[in-house]
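Report on the structure given below.
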Amino acid sequence: GEPIAVLQAGCSTAGGTLDVGRLRADGCELIVTQVDSDDEVVRSAVSEQLSEPGCTLGDLRTVPLPPRSFDVVHCSMLLDRIRHAELILDRFVDALKPGGLLLLQIGDRDCAAGFLDRKLPVSLRAAAWRGAHPGQPGPYPAIYEPLVSARGVQSFVLRHGLVIAQRQELNTLAGERRRPGPLLARKLVALVSRSRLSWSHDELRYVIRKPEDRFARVL
């Protein structure tokens, strides 16, 4: 019977992964706060795409985030394009109420797509972005700190006493036939790396719960 407080972190790359309009149409009362890093690409995307008013852009290490204020933190495709990712994710967790949910979507550093995103020249990254996102501002920076991987998230969760409720590997090229080049490039990287870098996914999604009792342990 109370409004659900949502922090949407990385609002310019959140896309439709959290359909606020549909949730409200279904009767959910949401109070949405939006934050993102302050750079040229983000400013362009926010001005063109954002449906929710009042996104705060700035240094995510210092943007005001009251502790224990949000029921849900939705962080979509943000951590792979910023520096100090672990410090910033720590701030998002502190902003969650006990029992709250962290909805996390990241590009995976430890896969072929993440390797290509980090290593390709800027001109090729720009061409790939235009093919995948025609007319949209980008590409975003490709930082991919160690946190931005399955191993990094698992380590973070264990050190902060969180619980992974659900984990999913996502292949955004699934069913994509118009652009065979990116998939072939991923398979080549996987082959050269002797399958150390997987080609079968490029993103990771998590539902992570913050326990109501921080001393609780899951066996």
Side-chain angles (χ1 to χ4, degrees), residues 5-20 32-67 69-70 72-96 102-149 152-153 156 170 172-173 182 202-206 208:
V6 178
L7 173 64
Q8 196 166 48
C11 52
S12 65
T13 44
T17 52
L18 184 65
D19 193 338
V20 173
V32 180
T33 301
Q34 296 182 316
V35 296
D36 210 328
S37 58
D38 187 10
D39 60 54
E40 184 177 353
V41 177
V42 171
R43 288 193 295 270
S44 298
V46 166
S47 65
E48 294 182 13
Q49 302 171 6
L50 216 56
S51 58
E52 291 286 326
C55 178
T56 300
L57 304 183
D59 186 339
L60 295 177
R61 294 172 296 175
T62 57
V63 166
L65 295 175
S69 299
F70 298 97
V72 176
V73 172
H74 175 228
C75 181
S76 179
M77 305 309 293
L78 168 68
L79 299 181
D80 43 292
R81 58 179 171 87
I82 60 171
R83 302 192 185 277
H84 313 290
E86 184 160 340
L87 171 61
I88 291 166
L89 186 59
D90 195 15
R91 296 195 70 217
F92 294 158
V93 171
D94 285 344
L96 265 179
L102 170 63
L103 310 181
L104 184 62
Q105 183 172 350
I106 57 174
D108 184 7
R109 172 189 174 93
D110 294 338
C111 73
F115 176 85
L116 287 168
D117 201 21
R118 298 196 314 274
K119 299 300 183 182
L120 283 177
V122 174
S123 58
L124 290 180
R125 289 190 69 238
W129 178 270
R130 289 193 298 269
H133 310 279
Q136 298 183 25
Y140 290 84
I143 306 299
Y144 290 90
E145 292 184 345
L147 169 68
V148 188
S149 64
V153 172
F156 181 91
L170 186 67
T172 59
L173 292 182
D202 51 357
E203 295 179 7
L204 300 172
R205 287 181 176 177
Y206 293 88
I208 299 172

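Judged by distance alone, the side chain of Trp129 and the main-chain N or O of Tyr140 form no donor-acceptor pair under 3.5 Å. Checking side-chain atoms of Asp38 against main-chain N and O of Leu57 turns up no donor-acceptor pair under 3.5 Å. Counting only distance, with no hydrogens or angles, the side chain of Glu145 and the backbone of Ala85 share a donor-acceptor pair below 3.5 Å. For Thr56 (side chain) and Val35 (main-chain N/O), no donor-acceptor pair under 3.5 Å exists by modelled atom type. The backbone N or O of Gly10 lies less than 3.5 Å from no partner atom in the side chain of Ser12, so there is not a single donor-acceptor pair.
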Take Leu104 and Val153 through the test side-chain contact (heavy atoms from CB on, under 4.5 Å) and record every step on the way to the result. CA-CA 10 Å; Leu104 184 62; Val153 172; 4.2 Å; yes

One pair to check against side-chain contact (heavy atoms from CB on, under 4.5 Å): Val93 and Phe156. What are the steps and the verdict? CA-CA 11 Å; Val93 171; Phe156 181 91; 3.9 Å; yes

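Note that the SG atom of Cys75 and the CG atom of Leu103 stand 10.0 Å from one another [nearest 0.5 Å]. Atoms CG and CG, on Leu116 and Leu124 in that order, are 10.0 Å from each other to the nearest 0.5 Å. Interatomic distance, Leu60 CG to Leu65 CG, rounded to the nearest 0.5 Å: 8.0 Å. A distance of 10.0 Å separates CG in Leu96 from CD1 in Ile208, rounded to the nearest 0.5 Å. The distance from the CD atom of Gln105 to the CE atom of Met77 is 6.0 Å, given to the nearest 0.5 Å. Separating the CG atom in Asp202 from the CD1 atom in Ile106 is a distance of 11.5 Å, to the nearest 0.5 Å.
Judged as a salt bridge (charged side-chain N to carboxylate O under 4.0 Å, His left out), and not counting sequence neighbours, Glu203 has no contacts. With sequence neighbours left out, Arg83 forms a side chain to side chain donor-acceptor pair (under 3.5 Å) with no residue at all.
Considering all non-hydrogen atoms of both residues, Ser69 and Ala5 come closest at O-CB, 3.6 Å. Heavy-atom minimum distance, Arg91 versus Thr62: NH1-N, 3.5 Å. For the pair Leu173 and Pro182, the tightest heavy-atom approach, listed with the atom from each and the gap, is CD1-CB, 3.8 Å. Here the shortest heavy-atom pairing between Leu79 and Val148 reads O-CG2, 3.5 Å. Closest approach of Cys11 and Asp36 over heavy atoms only: N-OD2, 3.3 Å. Here the closest heavy-atom approach between residue Pro146 and residue Ser149 is recorded as O-OG, 3.1 Å.
Checking Leu89, Leu7, Thr33 one by one against Val73, the side-chain contact (heavy atoms from CB on, under 4.5 Å) holds for a single residue, Leu7.
Checked for salt-bridge contact, Arg81 and Asp117 miss the test: no charged N lies under 4.0 Å from a carboxylate O.
Judged as a salt bridge (charged side-chain N to carboxylate O under 4.0 Å, His left out), the pairs with a partner in residues 104-115 (not counting sequence neighbours) are, in order, Asp110-Arg151.
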